[in-house]
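The structure under discussion appears below in the form of structure tokens.
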Amino acid sequence: MSEVFEKVYRIVQSIPRRRVLTYGLISQLMEGKLSPQGVGWALNGLSGRKGASAFDSETVPWHRVINSRGLVSTNRRGDMPPDLQRRLLEDEGVVFDAEERVDLNRFLWKEGLIFDDV
DNA sequence: TCGTTGACTATTT
DNA sequence: GAAATAGCCAACG
């Protein structure tokens with residue numbers, strides 16, 4: 001487990017409730033240390049690895065990470081049910097529109113900036 | 001070491 | 001807005 005990966009997990013863990021983050025933003029927060037695809041790989045590594053390392057799908061809120069279009073990325077693989085991520089986010093108050101998309105203008109989390117709408 | 005693949009993004013048509 | 005293109009980096013065989 002590289003330090004870069006752990007940093008990704010730490011950033012994901014720092015996402016407050018009702019907020020989401022995109023792969024590109026995480027890559028930006030890491031100051032170019034890891035590309036957006038590298039972030040995707042980092043999250044892919046913790047999928048289903050419960051207890052395999054310090055970070056797993058239980059301790060890292062991976063469902064709060066989506067792609068730049070506001071769509072959940074787990075559909076692409078098909079290894080897990082697409083509704084899972086959506087349901088987890090809806091439980092936190094994140095609203096999906098008719099096209100299964102998240103309104104990034106409302107729910108995107110920026111460091112040090114807290115909105116309180118909706 | 002090499003080539004392929006992927007939970008990606010930004011730009012261009 | 002959709003589709004194609006290019007750049008990107010880590011894992012895997």
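Below, each value reflects all heavy atoms present in this structure, side chains not excepted, and no hydrogens, waters or symmetry copies. Note that the structure is predicted; figures quoted are calculated from it, not measured. Every chain is numbered from 1, with letters handed out A, B, ... down the list of sequences.
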Let me have a per-nucleotide readout for nucleotides 8-13 of chain B, 5' to 3', with B, S or -, counting only protein heavy atoms under 4.0 Å. BSS---
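- One can place CG of L43(A) at 14 Å from P of dA10(C), the figure rounded to the nearest angstrom.
- Spacing between atom CD1 of I26(A) and atom P of dC9(C) amounts to 17 Å, rounded to whole angstrom units.
- Here the C1' atom of nucleotide dC9(C) and the CD atom of E31(A) are 18 Å apart, to the nearest Å.
- A residue-by-residue look at G32(A) and E99(A) shows that E99(A) has its nearest nucleotide of DNA chain C further toward the 5' end.
- The residues E6(A) and R10(A) are annotated as salt-bridged, a charged nitrogen and a carboxylate oxygen being separated by less than 4.0 angstrom.
- Separating the CZ atom in R86(A) from the NE2 atom in H63(A) is a distance of 14.5 Å, to the nearest 0.5 Å.
- If you measure from atom CD of Q28(A) to atom P of dC9(C), you get 15 Å, rounded to the nearest angstrom.
- Rounding to the nearest 0.5 Å places CG of L25(A) at 9.5 Å from CD1 of I15(A).
- Rounded to whole Å, the P atom of dG7(C) lies 22 Å from the corresponding atom of dA7(B).
- Partners of D83(A) by salt bridge (Lys or Arg N to Asp or Glu O under 4.0 Å), not counting sequence neighbours: none found.
- Atom-to-atom, CZ of F5(A) to P of dA7(B) comes out at 13 Å; the value is rounded to the nearest Å.
- Annotation: side chain of E100(A) is not in contact with side chain of V72(A) (no heavy-atom distance under 4.5 Å).
- Look at CH2 on W62(A): it is 19 Å from P on dG6(B), rounded to the nearest Å.
- Considering only side-chain atoms of W41(A), the nucleotide from dA7(B), dA11(C), dG6(B) that sits closest is dG6(B).
- Take Q85(A) and apply the side-chain hydrogen bond (donor to acceptor under 3.5 Å, both in side chains) test, not counting sequence neighbours, and it matches T74(A).
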